[in-house]
Undergrad: 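Pasting a structure here, questions to come.
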Amino acid sequence: MKVVTAIDSFKGSMTSMEAGFAAAEGIHRVDANAEVQVRPLADGGEGTVEALVAGMNGKTEHVKVTGPLGEPVICEYGIIESTKTAVIEMAGAAGITQVPDEKRNPLYTTTYGVGEVIKDAIEKGCRRFIVGIGGSATNDGGVGMLQALGYAFLDKDGKQVLPGARGLKDIAEITDAYVIPELAECKFRVACDVTNPLCGELGCSAIYGPQKGATPEMIKDMDQWLGAYAELAKDRFPKADPKYPGTGAAGGMGFAFLTFTDAVLESGINIVLDETKLEEYIKDADLVITGEGRMDGQTAMGKAPVGVAKLAKKHGKKVIAFAGAVQRDARACNDAGIDAFFPILRGVVTLEEAMKNENAKQNMADTVEQVIRLMK
């Protein structure tokens, strides 16, 4: 029997690869000769660096950069040496979880550190980038990131504007005269699962500003400033299009990537499935195993396990999913290509006990074993 596992991380409990190896253990208890290929899975958000580094023989890098509040943070990212690809989660350098509730204010939070991470990877030889832009604390239109890469956003006195969204109101000139030359050789696959434009009632300020600490007055101001910034950018960079779906992602980071770099915005799960070449493994499998920490109706709307199921169904493969918890509305997953799904909890326990790494791995192995026994 040939089995491929591609299981998303059980956040706070098991990594993607740990979940896969636990499933493999359960399979081998039933069929010692089964050929099990454990592949990484992520959706472009939290856990993407960890999954791709572990599953693609990558290495983890740590670099000190400017955090969202201007104070130093250590950002972890991955390098896949064979393809000179850097895997970066924006949240590692400009994430909302790095900002205490009482300090959340998008007028001041900056994406500068994201540019510093990219620059570090360029210096280490990377020219391909996978960047997840979820979980940001910022609304600066990506200006901070671009400044770190050498773009100059100048006020009327010819000085760089201040960090954060407040700097947007003072931009009088944009120049690429000092951009690091290697940036022209770089290509970015940006994991972006939102379709918001840059400005307007569905723009980044209105939709995501409040969770980043913006007041109604700030939202109005930031929206206008971003609009003016986009107009100025369009004069110098004709491909600037603030209405393009996803330009409003991560406080305008989508706009910055599309306008100032060689980038495409793509669904996070599609990037991961493509980069890990999962389809090549699925083609010859007898069974595909997937899953995530919690399966519900949202899973069926395009989360990682359903991305795996779609690929598997393309080749007529049976798909089984395992999850820490399963909600009643998860049965929508059956219509989305998952033939059957199973919760791995084996008794009434506290959340803390269920989340313990050793317990989670044991529960996964035990549950998979029993399901595989049915298939013998």
Side-chain angles (χ1 to χ4, degrees), residues 3-27 36 38-48 50-51 55 132 134-135 191 193 267-270 272-273 276 278 282 285 287-314 317-357 359-372 374-375:
V3 184
V4 171
T5 77
I7 304 172
D8 202 356
S9 67
F10 284 36
K11 289 184 178 58
S13 182
M14 286 187 288
T15 67
S16 168
M17 297 299 280
E18 283 176 335
F21 284 120
E25 183 191 323
I27 295 164
V36 185
V38 178
R39 302 301 296 154
L41 185 64
D43 61 6
E46 184 190 344
T48 300
E50 189 174 48
D193 290 295
S267 144
I269 178 61
N270 288 350
V272 171
L273 294 178
T276 58
L278 186 63
I282 282 174
L287 173 68
V288 176
I289 290 178
T290 187
E292 63 180 346
R294 172 189 163 116
M295 287 183 69
D296 53 26
Q298 290 286 314
T299 305
M301 294 168 74
K303 288 177 79 178
V306 162
V308 173
K310 275 186 183 160
L311 267 190
K313 289 304 169 194
K314 197 170 147 186
K317 306 301 181 183
K318 182 90 56 197
V319 182
I320 301 176
F322 295 89
V326 172
Q327 302 303 302
R328 185 162 285 174
D329 58 356
R331 46 177 72 144
C333 296
N334 296 135
D335 296 327
I338 292 172
D339 294 292
F341 53 80
F342 302 87
I344 64 170
L345 281 180
R346 300 165 64 74
V348 179
V349 294
T350 65
L351 180 62
E352 190 182 5
E353 287 174 313
M355 296 276 283
K356 274 186 184 159
N357 181 258
N359 293 346
K361 289 194 287 195
Q362 190 68 51
N363 287 336
M364 175 68 84
D366 290 347
T367 309
V368 171
E369 176 189 352
Q370 294 307 314
V371 173
I372 295 298
L374 275 176
M375 304 179 72

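When a residue number appears, it is its place in the shown sequence, counting from 1. All of these numbers come straight from a predicted model, not from anything done at the bench.
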Undergrad: Can you list every salt bridge (Lys or Arg N to Asp or Glu O under 4.0 Å) pair that touches residues 340-350, not counting sequence neighbours?
TA: Arg346-Asp366

Undergrad: Show me the pairs that pass side chain to side chain donor-acceptor pair (under 3.5 Å) and involve residues 319-335, at least two apart or across chains.
TA: none

Undergrad: List the atom pairs, with distances to 0.1 Å, where a side-chain N or O of residues 291-298 and a protein N or O form a donor-acceptor pair under 3.5 Å, not counting sequence neighbours.
TA:
{"residue": "Glu292", "atom": "OE2", "partner": "Thr299", "partner atom": "OG1", "Å": "2.5"}
{"residue": "Arg294", "atom": "NE", "partner": "Asp296", "partner atom": "OD2", "Å": "3.2"}
{"residue": "Asp296", "atom": "OD1", "partner": "Gln298", "partner atom": "N", "Å": "2.9"}
{"residue": "Asp296", "atom": "OD1", "partner": "Thr299", "partner atom": "N", "Å": "3.3"}

Undergrad: The criterion is side chain to side chain donor-acceptor pair (under 3.5 Å); which residues satisfy it with Lys318, sequence neighbours excluded?
TA: none

Undergrad: Any chance you could lay out the side chain to side chain contact (heavy atoms under 4.5 Å, CB included) test for Met375 and Ile320, step after step, and finish with the verdict?
TA: CA-CA 12 Å; Met375 304 179 72; Ile320 301 176; 3.8 Å; yes

Undergrad: Do the side chains of Leu311 and Leu273 get nearer than 4.5 Å, heavy atoms only?
TA: yes

Undergrad: Which heavy-atom pair separates Pro343 from Gly324 by the least distance, and what is that distance?
TA: CB-O, 4.4 Å

Undergrad: Quick one: are Ile269 and Val306 in side-chain contact, heavy atoms under 4.5 Å?
TA: no

Undergrad: Is there side-chain contact between Met14 and Asn357, with heavy atoms separated by less than 4.5 Å?
TA: yes

Undergrad: Please list, chain by chain and in numerical order, all residues satisfying side chain to side chain donor-acceptor pair (under 3.5 Å) with Asn359, sequence neighbours excluded.
TA: none

Undergrad: Tell me every residue that passes side chain to side chain donor-acceptor pair (under 3.5 Å) with Thr48, counting only those two or more places apart in sequence or in another chain.
TA: none

Undergrad: What residues, two or more places apart in sequence or in another chain, satisfy side-chain contact (heavy atoms from CB on, under 4.5 Å) together with Ala23?
TA: Thr5, Ile7, Met364, Val368

Undergrad: Sequence neighbours left out, what passes side chain to side chain donor-acceptor pair (under 3.5 Å) with Lys313? Give chain and number order.
TA: Asp339

Undergrad: List in chain and number order the residues that pass side-chain contact (heavy atoms from CB on, under 4.5 Å) with Ala312, two or more places apart in sequence or in another chain; answer none if no residue qualifies.
TA: Ile282, Val288, Lys317, Val319

Undergrad: For Ala191 and Gly268, work out which heavy atoms get closest and say how close.
TA: CB-CA, 3.7 Å

Undergrad: Assess whether side chain to side chain contact (heavy atoms under 4.5 Å, CB included) is satisfied between Leu41 and Val308, documenting all intermediate values.
TA: CA-CA 9 Å; Leu41 185 64; Val308 173; 3.7 Å; yes

Undergrad: Quick one: CD1 on Ile289 to CD1 on Ile27, what's the gap to the nearest 0.5 Å?
TA: 4.0 Å

Undergrad: List in chain and number order the residues that pass salt bridge (Lys or Arg N to Asp or Glu O under 4.0 Å) with Glu25, two or more places apart in sequence or in another chain; answer none if no residue qualifies.
TA: Arg29

Undergrad: Any ring-ring contact (aromatic ring centres under 6.0 Å, His included) pairs touching residues 334-353, not counting sequence neighbours?
TA: Phe322-Phe342

Undergrad: By salt bridge (Lys or Arg N to Asp or Glu O under 4.0 Å), which residues pair with Lys356, not counting sequence neighbours?
TA: none

Undergrad: Please find the pair of heavy atoms, one from Asn363 and one from Ile344, that lie closest to each other, and give the distance.
TA: CB-O, 3.4 Å

